[in-house]
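A quick write-up on the structure given underneath.
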2 protein chains.
Amino acid sequence: MAASRMTEPTYLVLLALADEPRHGYGIVQEVRALSDGDVRLGAGTLYGVLDRLVAAGQIAPDHEEVVDGRLRRYYRITESGSAAAAVETERLAALARRARRVLAPRPALGNA
Amino acid sequence: MAASRMTEPTYLVLLALADEPRHGYGIVQEVRALSDGDVRLGAGTLYGVLDRLVAAGQIAPDHEEVVDGRLRRYYRITESGSAAAAVETERLAALARRARRVLAPRPALGNA
DNA sequence: TGGCATAGGTCGTCCCGCGATATATATCGA
DNA sequence: TCGATATATATCGCGGGACGACCTATGCCA
(Lines give C-alpha, C1' and ligand atoms only; values in the text may rest on other atoms or scores of the structure.)
Protein backbone atom coordinates (compact mmCIF):
# COMPACT_ATOMS: atom_id res chain seq x y z
CA MET A 1 0.00 0.00 0.00
CA ALA A 2 2.94 2.32 0.36
CA ALA A 3 2.36 5.09 -2.16
CA SER A 4 3.55 8.18 -4.02
CA ARG A 5 2.89 11.19 -1.77
CA MET A 6 1.37 14.33 -3.09
CA THR A 7 1.40 17.94 -1.93
CA GLU A 8 -1.87 19.38 -0.75
CA PRO A 9 -2.42 22.01 -3.44
CA THR A 10 -1.83 19.31 -6.04
CA TYR A 11 -4.34 17.03 -4.39
CA LEU A 12 -6.93 19.79 -4.17
CA VAL A 13 -6.56 20.72 -7.83
CA LEU A 14 -7.10 17.09 -8.73
CA LEU A 15 -10.24 17.01 -6.59
CA ALA A 16 -11.49 20.24 -8.11
CA LEU A 17 -11.35 18.62 -11.54
CA ALA A 18 -12.75 15.29 -10.40
CA ASP A 19 -16.38 15.87 -11.29
CA GLU A 20 -16.08 18.12 -14.32
CA PRO A 21 -13.61 20.17 -16.39
CA ARG A 22 -12.88 23.62 -15.03
CA HIS A 23 -10.79 26.61 -16.00
CA GLY A 24 -8.09 28.14 -13.80
CA TYR A 25 -10.17 30.58 -11.91
CA GLY A 26 -12.91 28.00 -11.48
CA ILE A 27 -10.37 25.64 -9.95
CA VAL A 28 -9.32 28.30 -7.47
CA GLN A 29 -12.93 28.75 -6.38
CA GLU A 30 -13.63 25.04 -6.17
CA VAL A 31 -10.48 24.45 -4.11
CA ARG A 32 -11.60 27.13 -1.73
CA ALA A 33 -14.96 25.43 -1.37
CA LEU A 34 -13.49 21.95 -1.02
CA SER A 35 -11.11 23.10 1.69
CA ASP A 36 -13.86 24.91 3.57
CA GLY A 37 -12.27 28.27 2.81
CA ASP A 38 -8.87 27.27 4.17
CA VAL A 39 -6.91 27.11 0.95
CA ARG A 40 -6.75 30.16 -1.27
CA LEU A 41 -4.74 29.09 -4.26
CA GLY A 42 -2.59 31.93 -5.56
CA ALA A 43 -1.74 32.27 -9.23
CA GLY A 44 1.80 31.09 -8.72
CA THR A 45 0.69 27.96 -6.97
CA LEU A 46 -2.06 27.20 -9.45
CA TYR A 47 -0.08 27.37 -12.67
CA GLY A 48 2.86 25.54 -11.18
CA VAL A 49 0.60 22.71 -10.08
CA LEU A 50 -1.24 22.71 -13.41
CA ASP A 51 1.99 22.42 -15.39
CA ARG A 52 3.26 19.58 -13.22
CA LEU A 53 -0.01 17.69 -13.39
CA VAL A 54 -0.17 17.99 -17.17
CA ALA A 55 3.42 16.81 -17.43
CA ALA A 56 2.56 13.88 -15.18
CA GLY A 57 -0.45 12.99 -17.32
CA GLN A 58 -2.89 13.35 -14.45
CA ILE A 59 -4.81 16.20 -16.03
CA ALA A 60 -5.06 17.43 -19.63
CA PRO A 61 -6.10 20.63 -21.43
CA ASP A 62 -9.71 20.22 -22.48
CA HIS A 63 -10.95 23.15 -24.51
CA GLU A 64 -11.13 26.95 -24.53
CA GLU A 65 -14.01 29.35 -24.36
CA VAL A 66 -14.39 33.10 -24.58
CA VAL A 67 -16.89 34.50 -22.11
CA ASP A 68 -17.39 38.25 -21.86
CA GLY A 69 -14.24 38.83 -23.83
CA ARG A 70 -12.22 36.80 -21.34
CA LEU A 71 -10.50 33.58 -22.27
CA ARG A 72 -11.24 30.45 -20.28
CA ARG A 73 -8.81 27.58 -20.53
CA TYR A 74 -10.37 24.34 -19.36
CA TYR A 75 -8.64 21.29 -17.92
CA ARG A 76 -9.99 17.82 -17.27
CA ILE A 77 -8.77 15.01 -15.08
CA THR A 78 -7.39 11.81 -16.63
CA GLU A 79 -7.95 8.27 -15.43
CA SER A 80 -4.48 8.29 -13.96
CA GLY A 81 -5.36 11.47 -12.11
CA SER A 82 -8.60 10.06 -10.77
CA ALA A 83 -6.82 6.96 -9.55
CA ALA A 84 -4.14 9.02 -7.84
CA ALA A 85 -6.76 11.19 -6.15
CA ALA A 86 -8.61 8.12 -4.93
CA VAL A 87 -5.44 6.59 -3.51
CA GLU A 88 -4.52 9.82 -1.78
CA THR A 89 -8.01 10.15 -0.37
CA GLU A 90 -7.86 6.72 1.21
CA ARG A 91 -4.39 7.43 2.53
CA LEU A 92 -5.64 10.59 4.22
CA ALA A 93 -8.74 8.90 5.56
CA ALA A 94 -6.66 6.09 7.05
CA LEU A 95 -4.25 8.61 8.55
CA ALA A 96 -7.08 10.62 10.11
CA ARG A 97 -8.53 7.42 11.53
CA ARG A 98 -5.23 6.48 13.18
CA ALA A 99 -4.77 10.06 14.34
CA ARG A 100 -8.11 10.01 16.11
CA ARG A 101 -7.15 6.82 17.88
CA VAL A 102 -3.81 8.27 19.00
CA LEU A 103 -5.32 11.56 20.08
CA ALA A 104 -8.10 9.90 22.09
CA PRO A 105 -8.41 11.66 25.49
CA ARG A 106 -8.18 8.53 27.65
CA PRO A 107 -5.78 6.11 25.93
CA ALA A 108 -6.82 3.04 27.93
CA LEU A 109 -9.51 2.61 30.50
CA GLY A 110 -10.44 -0.91 31.58
CA ASN A 111 -10.43 -2.99 28.45
CA ALA A 112 -8.79 -0.69 25.89
CA MET B 1 -13.16 27.14 11.01
CA ALA B 2 -10.54 28.36 8.60
CA ALA B 3 -7.20 27.36 10.09
CA SER B 4 -3.42 27.52 10.07
CA ARG B 5 -2.22 24.78 7.67
CA MET B 6 0.55 22.41 8.55
CA THR B 7 2.98 20.36 6.50
CA GLU B 8 2.61 16.62 6.61
CA PRO B 9 5.92 15.70 8.28
CA THR B 10 5.12 18.27 10.97
CA TYR B 11 1.70 16.77 11.51
CA LEU B 12 3.08 13.26 11.72
CA VAL B 13 5.70 14.22 14.28
CA LEU B 14 2.98 15.79 16.38
CA LEU B 15 0.94 12.59 16.13
CA ALA B 16 3.95 10.47 17.02
CA LEU B 17 4.30 12.39 20.27
CA ALA B 18 0.58 12.50 20.99
CA ASP B 19 0.37 9.49 23.29
CA GLU B 20 3.77 9.56 24.97
CA PRO B 21 7.18 11.25 24.89
CA ARG B 22 9.60 9.77 22.39
CA HIS B 23 13.17 10.33 21.30
CA GLY B 24 14.21 11.16 17.74
CA TYR B 25 14.71 7.68 16.46
CA GLY B 26 11.52 6.56 18.16
CA ILE B 27 9.62 9.33 16.39
CA VAL B 28 10.96 8.16 13.04
CA GLN B 29 9.69 4.66 13.73
CA GLU B 30 6.32 5.81 14.99
CA VAL B 31 5.81 8.06 11.97
CA ARG B 32 6.53 5.12 9.74
CA ALA B 33 3.93 3.06 11.56
CA LEU B 34 1.35 5.86 11.61
CA SER B 35 1.73 6.43 7.89
CA ASP B 36 1.46 2.75 7.10
CA GLY B 37 5.08 2.67 5.96
CA ASP B 38 4.65 5.54 3.51
CA VAL B 39 6.66 8.20 5.28
CA ARG B 40 10.29 7.53 6.15
CA LEU B 41 11.45 10.60 7.97
CA GLY B 42 15.06 11.41 7.14
CA ALA B 43 17.36 13.08 9.65
CA GLY B 44 17.22 16.40 7.86
CA THR B 45 13.46 16.46 7.90
CA LEU B 46 13.20 15.31 11.50
CA TYR B 47 15.47 17.83 13.15
CA GLY B 48 14.15 20.68 11.07
CA VAL B 49 10.61 19.84 12.10
CA LEU B 50 11.64 19.33 15.73
CA ASP B 51 13.34 22.73 15.91
CA ARG B 52 10.36 24.49 14.39
CA LEU B 53 7.87 22.74 16.67
CA VAL B 54 9.89 23.59 19.76
CA ALA B 55 10.13 27.21 18.62
CA ALA B 56 6.37 27.21 18.08
CA GLY B 57 5.75 25.80 21.54
CA GLN B 58 3.92 22.76 20.23
CA ILE B 59 6.44 20.29 21.58
CA ALA B 60 9.09 20.59 24.30
CA PRO B 61 12.26 18.74 25.33
CA ASP B 62 11.29 16.30 28.04
CA HIS B 63 14.29 14.49 29.46
CA GLU B 64 17.38 12.52 28.46
CA GLU B 65 18.38 8.95 29.02
CA VAL B 66 21.44 6.92 28.29
CA VAL B 67 20.64 3.43 27.07
CA ASP B 68 23.45 1.10 26.05
CA GLY B 69 25.82 4.02 25.97
CA ARG B 70 23.64 5.86 23.50
CA LEU B 71 21.96 9.12 24.33
CA ARG B 72 18.21 9.42 23.97
CA ARG B 73 16.73 12.90 23.83
CA TYR B 74 13.01 12.82 24.55
CA TYR B 75 10.36 15.27 23.43
CA ARG B 76 6.80 15.63 24.61
CA ILE B 77 3.80 17.32 23.06
CA THR B 78 2.34 20.46 24.64
CA GLU B 79 -1.33 21.34 24.98
CA SER B 80 -0.95 23.74 22.10
CA GLY B 81 0.50 20.91 20.05
CA SER B 82 -2.29 18.52 20.92
CA ALA B 83 -4.88 21.11 20.00
CA ALA B 84 -3.19 21.82 16.68
CA ALA B 85 -3.02 18.10 15.89
CA ALA B 86 -6.68 17.68 16.71
CA VAL B 87 -7.67 20.60 14.49
CA GLU B 88 -5.56 19.29 11.63
CA THR B 89 -7.03 15.82 12.05
CA GLU B 90 -10.57 17.12 11.71
CA ARG B 91 -9.57 19.23 8.75
CA LEU B 92 -8.16 16.17 7.01
CA ALA B 93 -11.13 14.02 7.89
CA ALA B 94 -13.52 16.64 6.52
CA LEU B 95 -11.45 16.95 3.37
CA ALA B 96 -11.39 13.19 2.84
CA ARG B 97 -15.16 13.10 3.32
CA ARG B 98 -15.71 15.76 0.66
CA ALA B 99 -13.20 14.08 -1.59
CA ARG B 100 -15.09 10.80 -1.43
CA ARG B 101 -18.26 12.61 -2.40
CA VAL B 102 -16.60 14.30 -5.35
CA LEU B 103 -14.87 11.14 -6.50
CA ALA B 104 -18.04 9.05 -6.33
CA PRO B 105 -18.33 6.94 -9.52
CA ARG B 106 -21.83 8.01 -10.50
CA PRO B 107 -22.34 11.61 -9.34
CA ALA B 108 -26.11 11.66 -9.71
CA LEU B 109 -28.50 8.84 -10.44
CA GLY B 110 -32.22 9.31 -9.92
CA ASN B 111 -32.86 11.96 -7.32
CA ALA B 112 -29.74 14.02 -6.71
C1' DT C 1 36.18 -7.62 10.31
C1' DG C 2 32.47 -5.83 8.46
C1' DG C 3 27.74 -4.71 8.31
C1' DC C 4 23.36 -3.43 10.38
C1' DA C 5 20.40 -1.32 13.82
C1' DT C 6 20.32 2.22 17.06
C1' DA C 7 21.19 7.12 18.20
C1' DG C 8 22.53 11.78 17.62
C1' DG C 9 23.41 15.84 14.36
C1' DT C 10 24.89 19.25 10.16
C1' DC C 11 24.84 20.84 5.51
C1' DG C 12 23.44 21.84 0.88
C1' DT C 13 20.37 21.40 -2.74
C1' DC C 14 16.22 21.57 -4.97
C1' DC C 15 11.46 21.83 -5.33
C1' DC C 16 7.32 23.93 -4.31
C1' DG C 17 4.27 27.38 -2.27
C1' DC C 18 3.05 31.87 -2.70
C1' DG C 19 3.09 36.79 -3.01
C1' DA C 20 4.02 40.51 -6.25
C1' DT C 21 3.35 41.96 -10.54
C1' DA C 22 1.41 42.58 -15.28
C1' DT C 23 -2.49 42.66 -18.58
C1' DA C 24 -7.36 42.99 -19.67
C1' DT C 25 -12.59 43.36 -19.27
C1' DA C 26 -16.91 44.24 -16.63
C1' DT C 27 -19.49 45.88 -12.74
C1' DC C 28 -20.55 48.74 -8.93
C1' DG C 29 -20.33 52.31 -5.62
C1' DA C 30 -18.56 56.83 -4.11
C1' DT D 1 -15.11 59.78 -13.19
C1' DC D 2 -12.20 57.28 -10.45
C1' DG D 3 -11.06 53.49 -7.67
C1' DA D 4 -12.14 48.96 -5.94
C1' DT D 5 -13.54 44.35 -6.71
C1' DA D 6 -14.36 40.27 -9.40
C1' DT D 7 -13.18 37.58 -13.35
C1' DA D 8 -9.38 35.66 -16.08
C1' DT D 9 -4.79 34.69 -17.75
C1' DA D 10 0.31 34.22 -16.85
C1' DT D 11 5.45 35.07 -15.19
C1' DC D 12 9.00 35.83 -11.85
C1' DG D 13 11.60 35.63 -7.74
C1' DC D 14 12.08 34.77 -2.87
C1' DG D 15 12.05 31.88 0.94
C1' DG D 16 11.04 27.92 3.51
C1' DG D 17 10.85 23.23 4.10
C1' DA D 18 11.67 18.34 2.61
C1' DC D 19 15.17 15.27 2.03
C1' DG D 20 19.38 12.94 0.85
C1' DA D 21 24.33 12.80 1.82
C1' DC D 22 27.26 12.78 5.16
C1' DC D 23 29.53 12.45 9.90
C1' DT D 24 30.22 10.42 14.68
C1' DA D 25 29.49 6.67 17.93
C1' DT D 26 27.98 2.24 20.38
C1' DG D 27 26.38 -2.58 20.58
C1' DC D 28 25.36 -6.87 18.38
C1' DC D 29 25.78 -10.60 15.22
C1' DA D 30 27.82 -13.28 11.61
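Below, chains carry the letters A, B, ... as their sequence lines are ordered, and counting in each starts from 1.
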Discussion item. Measure CZ/B:Arg73 against P/D:dA25 and give the value in whole Å, please.
Written reply: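 One finds 16 Å between P of D:dA25 and CZ of B:Arg73, rounded.
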Worksheet item: Should B:Arg52 be listed as having a side-chain N or O under 4.0 Å from OP1 or OP2 of D:dA18?
Response: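 Yes, B:Arg52 has a side-chain N/O under 4.0 Å of OP1/OP2 on D:dA18.
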Worksheet entry | D:dC19 phosphate, OP1 or OP2, under 4.0 Å from B:Arg40 side-chain N/O |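 So the side chain of B:Arg40 is outside the cut-off, no N or O lying under 4.0 Å from OP1 or OP2 of D:dC19.
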Worksheet item: If you find the nucleotide of DNA chain D closest to B:Gly44 and the one closest to A:Leu71, which residue's nucleotide is nearer the 5' end?
Response: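 With B:Gly44 and A:Leu71 compared, the 5'-side residue is A:Leu71.
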Item to complete: Could you list where the contact with chain A starts and ends along DNA chain C, reading 5' to 3', using a 4.0 Å heavy-atom cut-off?
Response: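 Reading along DNA chain C, I get C:dC16 to C:dA26.
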Worksheet entry | Pairwise 5' ranking along DNA chain C for B:Tyr47 and A:Thr7, keeping only the more 5' one |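 Nearest-nucleotide comparison on DNA chain C picks B:Tyr47.
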Practice prompt. Could you check A:Gly48 against A:Asp68 and say which one's nearest nucleotide on DNA chain C is further toward the 5' end?
Written response: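 The residue mapped nearer the 5' terminus is A:Gly48.
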Practice prompt. Indicate, with a heavy-atom threshold strictly under 4.0 Å, whether A:Arg70 touches base, sugar-phosphate, or nothing.
Written response: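 Since a base atom lies under 4.0 Å of A:Arg70, the category is base.
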Discussion item. Taking any heavy-atom pair under 4.0 Å as a contact, classify B:Thr45: base, sugar-phosphate, or nothing.
Written reply: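 B:Thr45: base contact, heavy atoms under 4.0 Å.
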Worksheet item: More than 12 heavy atoms of other residues, nucleotides or ligands under 6.0 Å from CZ of B:Arg32: is that the case?
Response: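 No, the 6.0 Å shell around CZ holds no more than 12 heavy atoms from other groups.
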Fill in: Evaluation steps, salt bridge (charged side-chain N to carboxylate O under 4.0 Å, His left out), between B:Arg100 and A:Glu90
CA-CA 9 Å; B:Arg100 280 219 183 101; A:Glu90 293 318 307; 2.8 Å; yes
Worksheet item: Where the side chain of B:Pro9 is defined as all heavy atoms beyond and including C-beta, which of D:dT26, D:dT11, D:dC19 is the nearest nucleotide?
Response: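 Nucleotide nearest to B:Pro9's side chain: D:dC19.
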Practice prompt. Begin with the C-alpha distance, continue with both residues' side-chain angles, and end with the deciding distance and a verdict on side-chain contact (heavy atoms from CB on, under 4.5 Å) for B:Tyr11 and B:Thr89.
Written response: CA-CA 9 Å; B:Tyr11 175 56; B:Thr89 298; 2.7 Å; yes
Worksheet item: Would you say B:Ser35's side chain and B:Val31's backbone share a donor-acceptor pair under 3.5 angstrom?
Response: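 Flag set: sc B:Ser35 to bb B:Val31 pair under 3.5 Å.
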Worksheet item: Hey, is A:Glu64 close enough to A:Arg72 for a salt bridge, meaning N to O under 4.0 Å?
Response: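 So A:Glu64 does not pair with A:Arg72 through a salt bridge.
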Worksheet item: Between A:Arg91 and B:Glu8, does at least one N-O distance fall below 4.0 Å, as a salt bridge requires?
Response: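 Salt bridge between A:Arg91 and B:Glu8, a charged N being under 4.0 Å from a carboxylate O: yes.
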